[in-house]
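We use all heavy atoms of the structure for the numbers below, so side chains are in, but hydrogens, waters and symmetry mates are not. The sequence lines fix the lettering, A, B, ..., with proteins before strands; numbering per chain opens at 1.
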Amino acid sequence: MSQASIPTYDPGEIEPRWQQRWDKDGLYNSDIDTSKPKHYALTMLPYPSGDLHIGHWYAMTPADARARFMRMRGFNVLFPMGFDAFGLPAENAAIKKNIHPKTWTYANIERMRLQLKSMGGMFDWRREAISADPKYYKWSQWFFTQLYKHGLAYRKHSPVDWCPNCNTTLAREQVWGDDRHCERCGTPVIKKDLNQWFFKITNYAEELLDFSTIDWPERVKTLQTNWIGKSSGASVTFRTEQGDPLEVFTTRPDTLWGVTFMVLAPEHPLVAKLTSATQKSQVDAYLAETIRQSDIQREAADKEKTGVFTGGYAINPVNGEKIPVWIADYVLMTYGTGAIMAVPAHDQRDFEFARKFNLPIRVVIQPAGEAVIDPDTMEAAVPAKGSMVNSGELTGTPENKAMEKIIAFLEAKKAGHATTNYRIRDWLISRQRYWGAPIPMVFCDKCGVVPVPDDQLPVLLPDDVEWKPTGESPLKLHPTWKKTTCPQCGGPAERETDTMDTFMCSSWYHLRYLSPNYDKGPFDPAEYNYWAPVDVYTGGIEHATMHLIYTRFFQKALRDMGIAKGPEPMLTLRNQGIVLGEDSEKMSKSRGNVVAPDDLVKAYGADSVRAYLMFFARWDLGAPWNKTGIDGTVRWLRRVWTIMQEPSAGKSPSVEAEKNLRRRLHQTLRSVTRDFENFEFNTIVSGLMELLNDMQKFRQENPGPSKAWDEAVDVYLRMLAPVAPHISEEIWSRLGKPYSIHTQKWPTVDEQAAADETITLVIQVNGKVRDRLIMPVNVSEADAKAAALANEAVQRALDGRQPKQVIYVPGRLVNVVG
RNA sequence: GCCGGAGUGGCGGAAUUGGCAGACGCGCACGACUCAAAAUCGUGUACCGUAAGGUAUGUGGGUUCGAUUCCCACCUUCGGCACCA
C-alpha cells in the first residue's frame with residue numbers, strides 16, 4: 001500500500017457514519033456501575049433559541065473532551081444534556097412570527113438536538129430533560145410547594161423591579177449596571193408596587209459565603225461575596241420624642257457620640273408620625289418629588305444631597321441628646337432599617353448633608369499624634385481611625401478596643417447589640433408571563449393562600465391563551481383557567497396566575513437529568529445516591545450572581561428540607577470565556593459578525609472545529625474569532641490522517657532513534673494528561689501538534705517497521721480521541737484495532753522512557769545566556785562548573801575578570817558571576 | 001471609590017517550583033512542485049545591528065547570582081459592586 005491508496009480525509013463522510021454507529025450501540029449510555037468511580041460532568045444547559053451558536057460549541061466541546069478523558073481514565077462518566085425551555089424569547093419570537101411558544105420551542109429543540117449530535121459529543125440522550133415538559137415542571141412546582149411549607153417561600157406586597165419591555169417583574173440579580181437595566185433586554189427597569197412571591201435566599205446569606213467545600217474560581221467567589229454584601233456592625237435603637245423605637249444599623253457604633261442628626265428614607269413608616277405641623281407641607285412636597293424621580297436618579301452617587309427636616313426629634317441612647325430627624329433620599333428603605341444615625345465628622349455623605357443644611361459637626365475619633373480637628377474648618381469627613389474622644393465614659397478608648405467596648409456598653413443599656421447586615425435580597429420568583437411553570441398556589445376567600453396538593457400537580461399550563469403581553473399575566477386573562485376549587489375546603493377559589501422565574505427550573509435540572517422520567521419524585525434516589533453531586537460544572541461567568549447563586553441556595557434548602565444531601569450542588573466549577581466576532585465585538589446578528597458552527601462543520605468537519613475551539617485561545621479567557629486560524633487545525637488533522645496510516649516500509653530505526661521517539665511520546669502523554677486535568681485545552685492540542693511534527697521527522701528518516709512507531713501511533717490516537725472523536729475512531733478502525741477507541745484505557749506514562757538522558761545546560765554570565773551545552777543528565781556539579789568556566793563565550797564575557805561566584809542549578813544552568 | 005480578571009511579536013497564545021522568553025498555530029516572505037493557480041512540502045520570521053553584540057514580557061522601583069513569575073507604587077483595559085449607613 002502506498003500513500004496514494006490512503007483515501008483523502010473526508011470528515012463529511014466519516015463523522016455522521018460514526019455518530020450513527022455510536023448512537024446505535026449506545027456507546028455513551030451511562031448507567032450505575034458501583035465497580036467504578038463515578039464522574040458527573042455537566043455544562044450549563046442551553047436555552048433553545050433556534051440555532052446552536054459558536055458559544056455553545058466553545059462551552060461544550062472542551063467539556064466533552066474532558067468528560068471523554070475521564071471516561072478513558074476509568075471513571076463511569078455521566079455527561080447529560082437538556083434544554084432550559086421556558087422563557088421569554090419563546091414568547092417574543094412567537095409574538096413576532098405568530099406561532100405558539102410551545103411550537104416554536106419544541107421545533108428549536110429538534111433542531112438543536114441534531115446540531116448537538118453533529119458535535120460528536122458523548123451526551124447520554126436517554127437522560128435528556130426539558131424544563132417546559134409537564135413531567136419536569138411538575139417537580140419545579142412541587143419544589144415550590146415544599147419551599148412554601150418550610151417557610152422558605154412567601155408572598156409580599158412591596159416595591160419591585162419591573163422591566164417595561166419584558167412586561168414582568170425581575171429578581172434583584174436580574175437588574176444590572178449603573179442604569180439598572182434588565183439583564184435580558186437592556187431596558188432600564190422601573191419600580192412597581194406588587195404582590196409577589198419570594199424565596200428566602202437571605203436565610204442562607206451567611207452559609208452562601210462559605211466556599212470551603214468547593215473548588216470554584218476566585219472570580220465567581222468574589223462576585224458572589226460582593227453580591228451577598230456582608231457588613232458587620234451594630235443595631236442601635238434610638239427613641240422618637242413620642243417614644244417609638246427608631247432602629248438604625250451602623251458599622252461604626254463607636255461614633256455614636258458624634259451623631260448630630262438622623263436621616264430616614266422618605267418611605268420610612270415613622271415619617272408621618274414624626275412630621276410636625278409646621279414642617280408638613282415641606283415634607284409632603286419632598287415626598288412627592290421623591291416619588292416622581294426614578295431610582296436611577298435617586299441613587300446616583302454624584303447627586304447633590306437633598307432632604308428636609310421633619311420637625312421631629314429623637315433621643316440618642318448613649319447620651320440622652322435630642323437630635324433632629326430629617327428625611328433624605330440618600331437613605332434607602334431597602335438597606336438596613338431605612339434609617340441612619342448621621343455622623344458628619346466621619347462620614348462623607350453625612351458631612352455633605354450637614355454642610356448643606358448647616359447641621360452641627362462633632363469630631364469623636366482623633367488619630368494619634370495628629371492636630372486636633374476643627375469641625376468648623378474641616379473640608380471633608382475624616383476617616384474614623386484613632387481613639388475615641390468627646391465620647392462620655394468611653395472617651396480615650398483606643399481603636400482596637402472601641403467596637404468591643406461600645407457593644408458591651410449598648411448591651412448594658414439595652415440600647416443595641418452587635419449585628420450583621422447583608423445586601424442580598426430575597427429572590428423574587430413571580431413573572432407576569434405565559435411561557436413558564438405556573439406557580440402552584442390557590443387563593444381561597446375562606447382558607448387564604450393554599451398550596452396545590454402533590455396529587456394535583458402539575459398545574460398544567462393551558463395552550464389556549466392570549467400570550468401577547470399586556471402587563472398582566474396572560475393566565476389571568478384566560479376565561480376559565482384561574483377558576484378552581486380550594487384544595488382545603490372545596491369552595492370556589494382562584495389560581496395564582498403568575499409563572500415562575502425560569503432560574504427556578506435551572507436550579508435543579510442537574511438532578512432531573514439523573515432520571516428524567518421518574519414520577520415518584522423529582523429524581524430517583526438510587527440514581528441520586530450514585531451520581532450526585534455534580535463533579536465538574538462548566539459554563540459562563542455571567543451566571544455568577546444569578547444561576548450559580550440560586551442553585552447553591554436551592555441545594556441548601558433541599559438539604560434542610562431533607563430532600564437532598566450535602567451543602568453544595570457542584571464541587572468544581574470552571575468558566576469558559578467568550579468567543580467574540582472577528583471585529584472583537586460581541587457576536588450579534590445586527591453586527592453581522594456571527595460565526596455559525598453549522599457552516600464550519602460543513603466546511604471543515606466537526607473534529608477540526610472542536611480542535612480549533614480548544615486550541616485558539618485560553619479556554620477561560622476566550623478571544624476574537626480568527627477565520628484563517630482554523631486552517632491550522634485542519635492541516636494538522638489531515639497530516640494525522642496520512643502519517644498514522646502510512647504503512648511501514650524500508651529502513652527500520654536505530655535503537656537510539658526509537659528511544660528518542662518514545663521519550664517524546666511519553667513526555668507528551670505526561671503533559672497532555674496534566675493539561676486535561678487542569679482544563680488547559682489549548683496546550684493539549686499544541687502538545688499533540690508538536691508530537692506529530694516529531695513523529696513525522698522520525699518517520700521520514702525511519703520508514704521501516706518499528707515497535708516504538710506502532711506504540712506511538714496507538715498512544716497518539718488514544719490521546720487524540722477526546723479531542724477529535726471521529727477521525728481517531730476511523731483511523732483506529734482502519735488500523736484494525738478493536739472498536740471502540742472511546743472505550744479504551746488512557747495510556748500510562750512510562751516514566752523511564754520519558755526521562756531525559758541529556759540536558760541542555762544553560763551557561764550564563766551575570767544572568768545573561770552566553771552558551772548552551774549538551775551534557776549527560778547526571779553531570780556532576782564540578783564537571784558542569786568546569787565546562788562553564790572553560791567555555792569560550794564565558795571567557796569573552798568575563799573579559800579577564802575573575803569569577804566571584806559560580807551558581808549551579810542541577811540539570812538546568814550554570815551562572816558565572818564576575 | 002471598593003473588589004476581581006487581564007496586559008508577552010503583526011495576531012491567538014506558550015513558558016511545573018524564581019532558571020534557555022516567544023513553544024504550537026495563524027499571518028507574512030522566499031523557495032520546491034505546477035503552463036498557471038489552489039492544495040501540499042521546505043526555509044525564514046520579536047526588535048535594533050553588516051556582525052560581535054545589544055534591547056525586549058504595560059510603566060517605575062525593589063528583592064535576587066538570576067524576575068513574564070515574588071514585593072511595592074502606578075498606568076491601561078475588561079467585569080462586578082457602590083449615597084449600602
Side-chain angles (χ1 to χ4, degrees), chain A residues 176-178 217-227 229-231 233 248-252 255 263 265 298-305 328-332 334-343 347-350 352-353 421-423 541-542 544-545 575 577-578 611-612 615-618 620-633 635-636 638-639 642 670-671 674 678 680 682-683 685-693 696 700 760-772 793 796-797 803-818:
Chain A
W176 284 17
D178 285 350
E218 279 311 313
R219 270 171 90 191
V220 175
K221 292 193 277 187
T222 308
L223 288 171
Q224 293 202 350
T225 303
N226 288 350
W227 186 257
K230 177 178 181 171
S231 56
V248 299
F249 171 73
T250 174
T251 54
R252 294 304 301 264
T255 62
V263 187
R298 268 188 69 176
E299 293 179 14
D302 52 0
K303 198 184 85 165
E304 185 157 348
K305 297 278 175 296
D329 62 7
Y330 81 90
V331 175
L332 310 174
T334 45
Y335 184 80
T337 61
I340 62 155
M341 53 181 237
V343 185
D347 181 287
Q348 185 59 23
R349 296 155 300 177
D350 298 345
E352 286 165 23
F353 196 83
N421 235 292
Y422 300 90
R423 205 183 69 92
I541 190 135
E542 67 275 13
T545 57
N575 301 115
I578 297 171
Y612 184 55
F615 175 70
F616 95 110
R618 245 178 70 177
D620 55 331
L621 296 181
W625 183 255
N626 179 331
K627 193 165 51 191
T628 54
I630 194 169
D631 292 337
T633 44
R635 284 174 201 150
W636 169 54
R638 273 195 211 134
R639 288 172 57 220
T642 48
R670 187 160 60 194
S671 69
R674 184 193 65 215
N678 297 337
E680 285 161 4
N682 54 344
T683 47
V685 177
S686 67
L688 289 173
M689 284 174 168
E690 278 178 82
L691 178 58
L692 187 72
N693 292 344
Q696 186 175 28
Q700 275 160 5
T760 305
L761 192 69
V762 173
I763 309 299
Q764 294 183 335
V765 175
N766 294 331
K768 281 188 182 145
V769 178
R770 294 295 163 178
D771 207 350
R772 301 180 174 98
R796 196 163 51 225
K804 290 196 204 100
Q805 196 187 348
V806 181
I807 312 268
Y808 175 63
V809 181
R812 287 189 189 274
L813 62 75
V814 178
N815 187 13
V816 180
V817 184

For the P atoms, the ones on B:U45 and on B:A52, what distance do you get once it is rounded to whole angstrom?
14 Å
What residues form a side chain to side chain contact (heavy atoms under 4.5 Å, CB included) with A:Q224, not counting sequence neighbours?
A:F211, A:W216, A:V220, A:L548, A:I549, A:R552
With heavy atoms under 4.0 Å as the rule, sort A:G229 into base, sugar-phosphate or nothing.
nothing
Determine, step by step, whether A:Q764 and A:V814 satisfy the side-chain contact (heavy atoms from CB on, under 4.5 Å) criterion, reporting the C-alpha distance in whole Å, the side-chain angles of both residues, the deciding distance to 0.1 Å, and the verdict.
CA-CA 6 Å; A:Q764 294 183 335; A:V814 178; over 6 Å; no
Looking for any heavy atom pair under 4.0 Å, which part of the strands does A:V331 touch: base, sugar-phosphate only, or nothing?
base
Scan nucleotides 78-81 of chain B against the protein and return all N/O pairs shorter than 3.5 Å with their distances rounded to 0.1 Å.
residue	atom	partner	partner atom	Å
B:C81	O3'	A:R423	NH1	2.9

Euclidean distance, atom CE of residue A:M341 to atom C1' of B:A85 [Å, nearest integer]
9 Å
If you assign A:R772 and A:G632 each to the RNA chain B nucleotide with the nearest heavy atom, which residue ends up on the more 5' nucleotide?
A:R772
At under 4.0 Å, does any side-chain N or O of A:T225 touch on OP1 or OP2 of B:C3?
no
Side chain to side chain contact (heavy atoms under 4.5 Å, CB included) filter on A:A328, not counting sequence neighbours, yields A:V263, A:Y286, A:Y330, A:F353
Can any side-chain N or O of A:D771 pair as donor or acceptor with the backbone N or O of A:V762 at less than 3.5 Å?
no
Indicate yes or no for a side-chain donor-acceptor contact from A:D347 to the backbone of A:R349 under 3.5 Å, with no hydrogens or angles considered.
yes
Separation of atom CE in A:M689 from atom P in B:C24, rounded to whole Å:
11 Å
How long is the gap from CG on A:N678 to OG1 on A:T683, to the nearest 0.5 Å?
8.5 Å
Protein-nucleotide distance (A:I763, atom CD1; B:G19, atom C1'), rounded to Å
12 Å
Readout for nucleotides 47-63 of chain B: B = base within 4.0 Å of protein heavy atom, S = sugar-phosphate only, - = neither; 5' to 3' it is ------SSS--------
Within this structure, what is the CZ-to-P distance between A:F353 and B:C83, rounded to whole angstrom?
17 Å
Taking B:U76 as the reference, what is the distance to B:U59 when you measure between their C1' atoms (whole Å, please)?
10 Å
Would you mind reading off the distance between A:Q348 atom CD and B:C83 atom P, rounded to a whole angstrom?
15 Å
Here the pair of heavy atoms bringing A:R423 nearest to A:W227 is NH2-CE3, 2.7 Å
Strictly under 4.0 angstrom, non-hydrogen atoms only: write out the protein contact profile of nucleotides 10-17 of chain B, one letter per nucleotide from the 5' end, B, S or -.
--BSS-BB
A:I340 and A:F249: side-chain contact (heavy atoms from CB on, under 4.5 Å), yes or no, with the steps?
CA-CA 7 Å; A:I340 62 155; A:F249 171 73; over 6 Å; no
B:G61 versus B:A51 - spacing of their P atoms, nearest Å:
30 Å
Looking at the angle O4'-C1'-N9-C4 for a purine or O4'-C1'-N1-C2 for a pyrimidine, is B:G10 syn or anti, with syn meaning within 90° of 0?
anti
Please report the interatomic distance CZ(A:R772) to CG(A:L761), rounded to the nearest 0.5 Å.
11.5 Å
Whole-Å distance, A:N575 CG to B:G4 P, equals 17 Å
For RNA chain B, report each stem as range with range, ordered by first number, or say none. Use Watson-Crick or G-U wobble pairs under 3.5 Å, at least 3 in a row.
B:1-7 with B:75-81, B:10-12 with B:24-26, B:27-32 with B:40-45, B:46-48 with B:53-55, B:58-62 with B:70-74
List every contact pair, protein side and nucleotides 64-68 of chain B side both N or O, where the distance is under 3.5 Å.
residue	atom	partner	partner atom	Å
B:C65	O2'	A:N815	ND2	3.3
B:C65	O2	A:N815	ND2	2.4

Sequence neighbours excluded, the answer for side chain to side chain donor-acceptor pair (under 3.5 Å) partners of A:R252 is A:D254
I'd like to know whether A:Q805 forms a side-chain contact (heavy atoms from CB on, under 4.5 Å) with A:I807, so could you lay out the CA-CA distance, the side-chain angles of the two residues, the decisive distance to 0.1 Å, and finally the verdict.
CA-CA 6 Å; A:Q805 196 187 348; A:I807 312 268; 3.3 Å; yes
Point-to-point distance, once rounded to the nearest 0.5 Å, from CG of A:L223 to CD1 of A:I541
5.5 Å
Pick the P atom in B:C26 and in B:U43, then give their distance to the nearest Å.
14 Å
Given A:R796 and A:V765, is the side-chain contact (heavy atoms from CB on, under 4.5 Å) satisfied, shown in steps?
CA-CA 10 Å; A:R796 196 163 51 225; A:V765 175; over 6 Å; no
Between B:A85 and B:C11, how far apart are the C1' atoms? Round to whole Å, please.
49 Å
On a whole-Å scale, what distance lies between the P atoms belonging to B:G79 and B:G9?
22 Å
For B:A46 versus B:G27, give the span between their C1' atoms, rounded off to a whole number of Å.
15 Å
If I take atom CG from residue A:L688 and atom OG1 from residue A:T633, how far apart are they, to the nearest 0.5 angstrom?
12.5 Å
Can you measure from NZ (A:K768) to CG (A:N815) and round to the nearest 0.5 angstrom?
11.5 Å
Value for CD (A:E680) from OG (A:S671), rounded to nearest 0.5 Å, stands at 10.5 Å
How would you label the contact of A:N421 with the nucleic acid (heavy atoms, under 4.0 Å): base, sugar-phosphate, or nothing?
nothing
Please name the pair of heavy atoms, one in A:V816 and one in A:P803, separated by the smallest distance, quoted to 0.1 Å.
CG1-CB, 3.7 Å
Identify each atom pair where a protein N or O and an N or O of nucleotides 38-41 of chain B are less than 3.5 Å apart, giving names and distance.
residue	atom	partner	partner atom	Å
B:U40	OP1	A:R638	NH1	3.3

Sequence neighbours excluded, the answer for ring-ring contact (aromatic ring centres under 6.0 Å, His included) partners of A:Y612 is A:F616, A:W625
Take atom P in B:C74 and the same atom in B:G80, then report the distance between them in whole Å.
24 Å
What is the distance, rounded to the nearest whole Å, between atom CG of A:D350 and atom C1' of B:C84?
12 Å
Can you name the side chain to side chain contact (heavy atoms under 4.5 Å, CB included) partners of A:R639, sequence neighbours left out?
A:I643, A:L692, A:N693, A:Q696
B:G25 P sits how many Å from A:L688 CG, rounded?
12 Å
Residues in ring-ring contact (aromatic ring centres under 6.0 Å, His included) contact with A:Y335, at least two apart in sequence or another chain:
none
